[in-house]
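Let me begin by presenting the structure, written as structure tokens, before commenting on it.
No hydrogens, no waters, no symmetry mates; every other heavy atom, side chains included, goes into these values. Read the numbers this way: they start at 1 and go in the same order the structure lists the ligands and their atoms.
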Amino acid sequence: MTKNFATTAEVQDLLDQLSGKEQSAGDPRMKAIVRRIMGDLFATIDEFDITDEEVWSAINYTAAGSGEFGLWAAGLGLERYLDMRADALDAAMGVTGGTPRTIEGPLYVAGAPEAEGFARLDDGSDDGKGELLIMHGQVRDVDGKPLANAKVEVWHANTLGNYSYFDQTQSAFNLRRSIYTDAEGRYAFRSVVPVGYAVPPGGSTAGVLESIGRHGNRPAHIHFFVSADGYRHLTTQINIDGDPYLHDDFAYATRDELIPPVNHVQNSNLGAKYGVTSPFAEIEFDFTMHKATAQVEQDASSRLRAAL
Ligand code: MBD
Ligand code: FE
């Protein structure tokens, strides 16, 4: 079979028809997108001489594994690509500075308990299993103005690399909170240092990655949504320095500016302030926000999210 059968007039005619070109109804942009995607798929089948068996097995696999599509998007670099495009667009428009964005991932849960200034994130179930963590900092805009009442949504894995809600053994909203900054734009939380995440063994993402010789590990990280009235919604993460996967993230989310130093503290006024008398890890990290130029920039993307 020829490697470019899809370029024949017969197949091009089929692509016109299947993408609705000849119908007056429907959205022209959607027609063009469907035509491109199906045409690229046909060309891929040609190029690699993909068999009928392989096509149906791919469809079966995809349908059965659809519950992990959020993980596929992370592991196959789609989320990273969207960030790269957004970064390039910013650069082209001369938008510089600000805390770098990095991917959301599929494990956010809406509805976390809210707190003013400070929250304890963990329910105590990781006590003795990992290092205590106190993370704190300030939310400012790119001009250095502290932002009071900014919303800092934080979520992270436990000491086994698992996230509450998706891991039903954890209490509801363990390691998830929404913290509003104080009058000086400051936030702080007490928690336990997370461990890196690995895709579920035996799952559809693990299978895809295995077939191309890749692993499904993330370095230890903490997720954030930061939002404030009149400012761009920020989706970002920080990494825990020293993790073996720090620069080998299966989701490509590590950014040099998002690896704050971890300060191992015996005891300090900071610990005392939050009731921590044993040794703990301290991370200080400030968020820098861009002013929004349109309402849509203030909102998170409309991806489907879990909610409790
Ligand atoms: C995670 O914890 C995560 O952050 C991403 C991006 C993908 C899978 C699990
Ligand atoms: Fe994560």
Decide whether Asn217 and Tyr197 meet the rule of one side-chain donor and one side-chain acceptor closer than 3.5 Å. no
Salt bridge or not for Asp243 and Arg218, using N-O below 4.0 Å? no
Between Glu53 and Ser57, does the side-chain hydrogen bond (donor to acceptor under 3.5 Å, both in side chains) criterion hold? Intermediate values first, please. CA-CA 6 Å; Glu53 269 308 298; Ser57 110; over 6 Å; no
Atom indices of ligand 1, in the order listed, that fall short of 4.0 Å to a heavy atom of Ile103: 6 (C)
For His221, what is the atom name of its N, O or S atom nearest to the Fe ion (ligand 2)? NE2
Under a heavy-atom criterion of less than 4.0 Å, does Glu104 contact ligand 1? no
Considering heavy atoms of the protein only, find what lies nearest to atom 7 (C) of ligand 1 and give residue, atom and distance to 0.1 Å. Pro106 CD, 3.4 Å
Using 4.0 Å as the upper bound for N to carboxylate O, is an ion pair formed by Asp143 and Lys291? yes
Salt bridge check: are Arg120 and Asp122 linked by an N-O gap of less than 4.0 Å? yes
Does ligand 1 have any atom sitting under 4.0 Å from a heavy atom of Ala253? no
Just heavy atoms, cut-off under 4.0 Å: does Leu71 contact ligand 1 by side chain, backbone, both, or neither? side chain
Report the nearest protein non-hydrogen atom to atom 2 (O) of ligand 1: residue, atom name, distance rounded to 0.1 Å. Tyr163 OH, 2.9 Å
Lys/Arg-Asp/Glu bridge criterion (N-O < 4.0 Å) met for Arg214, Asp248: no
Quick one: which of Ile240, Leu121, Val195 gives a side chain to side chain contact (heavy atoms under 4.5 Å, CB included) with His156? Leu121
Ion pair Arg303/Glu79, N-O distance below 4.0 Å: yes
Would you please test His233 and Phe225 for ring-ring contact (aromatic ring centres under 6.0 Å, His included) and show each step? CA-CA 7 Å; His233 178 95; Phe225 281 164; 4.7 Å; yes
May I ask you to check if ligand 1 and Tyr197 share an N or O to N or O distance below 3.5 Å? no
Looking only at protein heavy atoms, which one is nearest to atom 1 (C) of ligand 1, and what is the separation? Leu107 CD1, 3.6 Å
Assess Tyr163: does it contribute an N, O or S atom lying under 2.8 Å from the Fe ion (ligand 2)? yes
Protein heavy-atom partner closest to atom 4 (O) of ligand 1 - residue, atom, separation in Å: Arg218 NH1, 2.6 Å
Looking at Gly105, which atoms of ligand 1 are within less than 4.0 Å of one of its heavy atoms? 5 (C), 6 (C)
Backbone or side-chain N/O/S of His223 under 2.8 Å of the Fe ion (ligand 2): yes
